[in-house]
K.L.:
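Can you read through this structure? Questions will come right after.
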Amino acid sequence: MEKVRTEFVITVKGKITKRPPETYNEKYATGQVEMYPEHLEILSDCKVLPFVLEDENVSEDVRLKYRYLDLRREKMLHNLQTRHNICQAARKYLNDLDFLEVETPVLIKTTPEGARDYLVPSRVQEGKFYALPQSPQIYKQLLMVGGIERYYQIAKCFRDEDLRADRQPEFTQIDMEMSFVEQQDVIRVVEGLIKETFKAAGVEVQTPFIQMPWQEAMDKYGSDKPDTRFGLELFDIGDIILQSEFHIVRDTLEKGGIVRGIRIPGGAKYSRKDIDDITKLAVSYGAKALANIIYNEDGTAKSPVLKFVTEEQAKQIKERAQAQNGDIIFFVADKPKAVYDIMGRLRLHFGKSLNLIDENKHNLLWVVDFPMFEWSDEENRFMAMHHPFTSPNLNDLDKLDSGDLGNVKSIAYDIVYNGTELGGGSVRIHSSVVQQKIFKALGLTEEEAQEKFGFMVNALQYGTPPHAGLAIGLDRMVALLCHTESIRDVIAFPKNSGAKDLMSDAPGEASIKQLRELHIKSTLQPQHQH
RNA sequence: GGGAGCGUAGCUCAGAUUGGUUAGAGCGCAUGCCUGUCACGCAUGAGGUCGCGAGUUCGAUCCUCGUCGUUCCCGCCA
């Protein structure tokens with residue numbers, strides 16, 4: 001008996017008896033009984049643990065190295081249990097709606113567009129490579145062509161990009177697709193799915209959810225995943241500035257820029273240093289400058305900007321901002337994308353730092369009417385905002401033909417939960433002609449499109465039902481519902497931020513023999529090779 | 001690719017005003033005592049390349065540079 005230590009695995013036989021009432025321990029379910037052991041057997045002993053399991057405050061690299069011990073903690077078990085409950089609820093809900101769970105391949109062909117692919121060298125096909133899927137996108141659409149009608153899969157996806165607390169190189173999506181449906185059909189089904197999965201995690205939500213056009217989300221919140229748990233909505237003062245002598249901002253506006261402001265209640269009390277710090281923050285978000293107007297308690301306005309705007313215009317701005325005496329407003333003028341980004345982040349900063357976020361809220365909303373394309377300065381071309389198989393809004397087909405790509409809307413929709421994108425989807429292109437147009441708009445020649453996506457375009461020519469779908473980021477959803485910042489806390493064996501598995505030490509070296517079989521030769525300098 | 005933080009005992013951390021001779025605490029661990037205790041208590045004890053390398057200095061856990069590890073963020077993530 002005295003040999004038994006922490007985390008030993010034992011069997012004990014004996015009589016269980018009621019304890020004297022004064023010795024009850026209410027902390028444990030078994031606190032009113034005890035056993036007098038008659039026979040004890042040690043099935044496994046246990047070395048001294050590298051950390052105390054009850055210690056909440058162990059650094060993550062230690063936890064990850066001994067993940068099998070970390071998983072013994074109550075919280076980790078709870079997280080995995082919640083994940084299981086959510087998956088089971090999703091399966092039940094979708095099964096009941098006659099969705100078919102189908103597995104799609106993990107060794108597929110590399111595709112341009114999107115994230116960097118994980119590559120797998122082929123031994124049999126010399127010099128060729130598979131890619132791991134970034135999502136089952138193409139295959140689920142081919143299932144629709146194949147007449148499956150309703151598909152889902154809890155699918156592993158792989159993207160070889162840098163990691164974050166909410167991004168792992170391999171992650172899981174609840175992926176689904178339906179034939180003969182439109183956007184509102186998918187939205188209705190997914191709202192039910194969200195309701196059921198949230199319920200499985202103990203959160204009740206009301207359907208339907210608000211549907212907010214992308215433009216409204218950007219205008220009010222500076223984000224395509226607005227956190228509506230707090231106000232501080234942005235406002236437009238472009239028309240007022242245009243009447244003023246504020247030439248720098250007017251020039252920006254006349255070149256297609258925009259100006260947006262945010263009102264901070266009670267901000268008139270900010271010191272010069274406070275405002276400097278906020279300005280620095282805005283600059284770190286990419287702002288060239290951050291203007292402010294203080295509305296004093298006595299009703300006067302104070303701002304360097306007053307050199308350029310009249311008293312009347314300052315008053316108009318105050319009205320537009322719905323500012324009270326004692327408030328401060330900040331505003332930024334730049335290209336739309338920059339302004340949205342800066343102001344959106346600033347809004348989140350204030351929401352957090354001013355404690356405006358009610359953590360008990362569960363705000364779910366749809367963002368709809370996304371732009372189809374997004375200009376990439378880096379690639380010097382338009383890129384698909386969602387993905388290349390997203391259907392453009394049929395009213396915008398003429399813009400597609402005339403090359404007015406910046407104004408083409410797509411039939412895409414994102415589901416947003418408390419300022420986090422939970423998932424997204426779209427109505428897909430079911431016409432090979434439209435699909436070709438999109439490839440062309442994305443800068444792919446007909447030959448390239450044929451080489452990369454030929455099988456897809458071909459398939460679309462054989463009687464493709466209209467179809468639409470969506471995928472939910474399972475890890476992110478579970479993490480939010482488990483109230484944890486990092487999706488690593490809801491994945492049994494995650495990678496660290498360097499994409500390494502600290503437990504197994506993957507990725508590891510490959511032997512010369514393995515490389516030779518795969519027809520692979522490293523480009524690393526010899527001293528870096530194994 | 002870039003920025004920021006951290007790295008001291010098995011774990012979590014402290015370590016001065018400007019660098020000084022013997023680097024501490026709690027938990028854990030070991031041994032003993034106690035035994036209605038149950039996150040027991042008491043006593044004693046073991047446990048340190050202060051991440052690594054170089055530099056500055058009479059002297060570096062402390063300062064400088066580099067490097068490695070780790071976390072967060074930006075870029076990137078259709």
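To find a chain, count down the sequence lines: A is the first, B the second, and so on, and within it residues start at 1. When reading the values below, keep in mind they use all heavy atoms of this one structure, side chains included, and skip hydrogens, waters and symmetry mates.
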K.L.:
Tell me whether the side-chain N/O atoms of A/R164 come closer than 4.0 Å to OP1 or OP2 in B/C74.
P.N.:
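Yes, such a contact exists.
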K.L.:
For A/D55, answer base if it contacts any base atom (sugar-phosphate contacts may also be present), sugar-phosphate if it contacts only those atoms, and nothing otherwise; contact means non-hydrogen atoms under 4.0 Å.
P.N.:
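Contact class for A/D55: sugar-phosphate only.
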K.L.:
Distance check, C1' atoms only: B/C13 and B/U61, in whole angstrom units.
P.N.:
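These two C1' atoms come out 15 Å apart once rounded.
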K.L.:
With a cut-off of less than 4.0 Å, is there a side-chain N or O of A/T30 near OP1 or OP2 of B/C38?
P.N.:
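No, A/T30 has no side-chain N/O under 4.0 Å of OP1/OP2 on B/C38.
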K.L.:
Between B/A43 and B/G48, how far apart are the P atoms? Round to whole Å, please.
P.N.:
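It works out to 24 Å between them.
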K.L.:
Report the distance from atom OH of A/Y24 to atom P of B/U37, rounded to the nearest whole Å.
P.N.:
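Nearest whole value for this atom pair: 15 Å.
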K.L.:
Taking any strand in view, what nucleotide pairs with B/A54 in a Watson-Crick or G-U wobble way, both distances under 3.5 Å?
P.N.:
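Base-paired to B/U64.
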K.L.:
Could you check if a side-chain atom of A/L64 sits within less than 4.5 angstrom of a side-chain atom of A/F493, using non-hydrogen atoms only?
P.N.:
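Not touching, per the 4.5 Å side-chain cut-off.
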K.L.:
Please name the nucleotide paired to B/C29 by Watson-Crick or G-U wobble geometry with both distances under 3.5 Å, or report none.
P.N.:
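The answer is B/G45, by the H-bond criterion.
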K.L.:
Does OP1 or OP2 of B/U70 have a side-chain N or O of A/K500 closer than 4.0 Å?
P.N.:
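A/K500 to B/U70 OP1/OP2: side-chain N or O found under 4.0 Å.
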K.L.:
Just the rounded figure in Å: distance from P of B/C76 to CD of A/E161.
P.N.:
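Roughly 10 Å, once rounded to whole Å.
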K.L.:
What nucleic acid atoms does A/P50 come within less than 4.0 Å of, heavy atoms only: base, sugar-phosphate, or nothing?
P.N.:
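Touches sugar-phosphate only.
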K.L.:
Provide, to the nearest angstrom, the distance between the CD1 atom belonging to A/I487 and the P atom belonging to B/C77.
P.N.:
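These atoms are roughly 17 Å apart.
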K.L.:
Tell me what A/E34 touches on the nucleic acid: a base, only sugar-phosphate, or nothing, going by heavy atoms under 4.0 Å.
P.N.:
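Contact class for A/E34: base.
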K.L.:
Taking atom C1' in both B/G26 and B/G36, what distance in whole Å separates the two?
P.N.:
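27 Å, rounded to whole Å.
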K.L.:
RNA chain B: A/D162 or A/Q137, which has the more 5' nearest nucleotide?
P.N.:
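Whichever sits nearer the 5' end wins; that is A/D162.
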K.L.:
Given atom CG of A/D45 and atom P of B/C29, what is their separation to the nearest angstrom?
P.N.:
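Result: 15 Å.
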K.L.:
Going by purine N1 to pyrimidine N3 plus the second Watson-Crick contact, or the G-U wobble pair, all under 3.5 Å, which nucleotide sits opposite B/A14?
P.N.:
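Its partner is none (no Watson-Crick or G-U wobble pair with both distances under 3.5 Å).
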K.L.:
For B/C72, take OP1 and OP2 only and decide whether either is under 4.0 Å from a side-chain N or O of A/R488.
P.N.:
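Yes, A/R488 has a side-chain N/O under 4.0 Å of OP1/OP2 on B/C72.
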K.L.:
Can you tell me, in whole Å, how much space there is between the C1' of B/U56 and that of B/G66?
P.N.:
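Straight-line distance between the two C1' atoms is 15 Å.
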K.L.:
Starting from C1' on B/U70, measure out to CZ on A/R63 and report it in whole angstrom.
P.N.:
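The distance from CZ of A/R63 to C1' of B/U70 comes to 14 Å, rounded to the nearest Å.
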K.L.:
Can you find a side chain N or O atom of A/S59 that sits less than 4.0 Å from OP1 or OP2 on B/U12?
P.N.:
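Answer yes for this pair, as a side-chain N or O of A/S59 is under 4.0 Å from OP1 or OP2.
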K.L.:
So, A/F370 versus A/Y413, ring centres under 6.0 angstrom or not?
P.N.:
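For A/F370 and A/Y413, the ring centres are not under 6.0 Å apart.
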K.L.:
Distance check, C1' atoms only: B/C65 and B/U57, in whole angstrom units.
P.N.:
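B/C65 and B/U57 have their C1' atoms separated by 16 Å.
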K.L.:
Can you tell me if A/D117 uses its side chain to pair, donor with acceptor, with the backbone of A/T111 under 3.5 Å?
P.N.:
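Yes, A/D117 side chain to A/T111 backbone: donor-acceptor pair under 3.5 Å.
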K.L.:
Whole angstrom is fine here: how far is it from CD in A/E60 over to P in B/U71?
P.N.:
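Those two atoms, CD and P, are 6 Å apart.
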K.L.:
Can you check the A/Y285 OH to B/G75 P distance for me, whole Å?
P.N.:
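From A/Y285 OH to B/G75 P: 12 Å.
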K.L.:
Are any of the side-chain nitrogens in A/D166 or A/R164 under 4.0 Å away from the carboxylate oxygens of its partner?
P.N.:
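Salt bridge: no.
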K.L.:
Assign A/Y36 to base, sugar-phosphate, or nothing according to its heavy-atom contacts below 4.0 angstrom with the strands shown.
P.N.:
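Base, at least one base atom sits under 4.0 Å.
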K.L.:
Let's see if you can work this out: which of B/G28, B/C38, B/C76 has an atom nearest to the side-chain heavy atoms of A/E378?
P.N.:
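Of B/G28, B/C38, B/C76, B/C76 is nearest to the side chain of A/E378.
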K.L.:
Taking only side-chain nitrogens and oxygens of A/S497, does any of them come within less than 4.0 Å of OP1 or OP2 of B/U70?
P.N.:
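Indeed not, no polar side-chain atom of A/S497 lies that close.
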K.L.:
Salt-bridge test for A/E161 and A/R167: reply yes if a basic N is under 4.0 Å from a carboxylate O, no otherwise.
P.N.:
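No, no charged N to carboxylate O under 4.0 Å.
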K.L.:
Have a look at A/T390 and say if it touches a base, only the backbone sugar-phosphate, or nothing, with a 4.0 Å heavy-atom cut-off.
P.N.:
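It contacts nothing in the nucleic acid.
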K.L.:
Taking only side-chain nitrogens and oxygens of A/R5, does any of them come within less than 4.0 Å of OP1 or OP2 of B/A30?
P.N.:
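True: A/R5 side-chain N/O within range (under 4.0 Å) of B/A30 OP1/OP2.
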K.L.:
Who is the Watson-Crick or G-U wobble partner of B/U22, with both distances under 3.5 Å?
P.N.:
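Answer to the pairing question: none, since B/U22 forms no Watson-Crick or G-U pair.
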K.L.:
Between the base of B/C76 and the side chain of A/R167, is there a donor and acceptor pair under 3.5 angstrom?
P.N.:
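Such a pair is found, so the answer is yes.
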K.L.:
Under a 3.5 Å cut-off for both contacts, is B/U37 paired Watson-Crick or G-U wobble with anything, and if yes, with which nucleotide?
P.N.:
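Base partner found: none.
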K.L.:
Looking at A/Q435 and A/L460, would you say the former's side chain and the latter's main chain have a donor-acceptor pair under 3.5 Å?
P.N.:
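Checked: no pair found.
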K.L.:
Might you work through the ring pair (Phe, Tyr, Trp, His ring centres under 6.0 Å) test for A/Y340 and A/Y221, ending with a clear yes or no?
P.N.:
CA-CA 8 Å; A/Y340 291 139; A/Y221 303 96; over 10 Å; no
K.L.:
Distance check needed: B/C72 P versus A/K352 NZ, whole Å only.
P.N.:
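Answer to the nearest Å: 14 Å.
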K.L.:
Under 4.0 Å, counting only non-hydrogen atoms across every strand here, what does A/L502 touch: a base, just sugar-phosphate, or nothing?
P.N.:
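The residue A/L502 makes sugar-phosphate contact but no base contact.
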K.L.:
With heavy atoms under 4.0 Å as the rule, sort A/R19 into base, sugar-phosphate or nothing.
P.N.:
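Base contact.
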K.L.:
Identify, between A/D341 and A/L64, the residue whose nearest nucleotide on RNA chain B lies closer to the 5' end.
P.N.:
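The answer here is A/L64.
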K.L.:
Out of B/C13, B/C11, B/C74, which nucleotide sits closest to the side chain of A/N57?
P.N.:
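Comparing B/C13, B/C11, B/C74 against the side chain of A/N57, the answer is B/C13.
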K.L.:
Considering only the P atoms, how many Å lie between B/U70 and B/C29, rounded to the nearest integer?
P.N.:
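Approximately 29 Å lies between the P atom of B/U70 and that of B/C29.
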K.L.:
With rounding to whole Å, what would you report as the distance between B/G53 and B/G69 at their C1' atoms?
P.N.:
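Each nucleotide's C1' atom is 15 Å from the other's.
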K.L.:
Taking the C1' atom in each of B/G55 and B/A60, what is the distance between them to the nearest angstrom?
P.N.:
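Looking at atom C1' only, B/G55 and B/A60 are 11 Å apart.
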K.L.:
By nearest atom, which of the nucleotides B/C27, B/U70, B/U12 is closest to the A/N496 side chain?
P.N.:
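The closest nucleotide is B/U70.
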K.L.:
Examine B/A39: is either OP1 or OP2 under 4.0 Å from a nitrogen or oxygen in the side chain of A/N25? Give yes or no.
P.N.:
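Result: yes.
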K.L.:
For A/D501 and A/S504, what are the C-alpha separation, side-chain angles and deciding distance, and is it a side-chain hydrogen bond (donor to acceptor under 3.5 Å, both in side chains)?
P.N.:
CA-CA 6 Å; A/D501 176 353; A/S504 70; 3.0 Å; yes
K.L.:
Parallel, tilted or perpendicular for A/F373 and A/F382, by the 30°/60° rule?
P.N.:
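The rings of A/F373 and A/F382 stand perpendicular, inter-plane angle above 60°.
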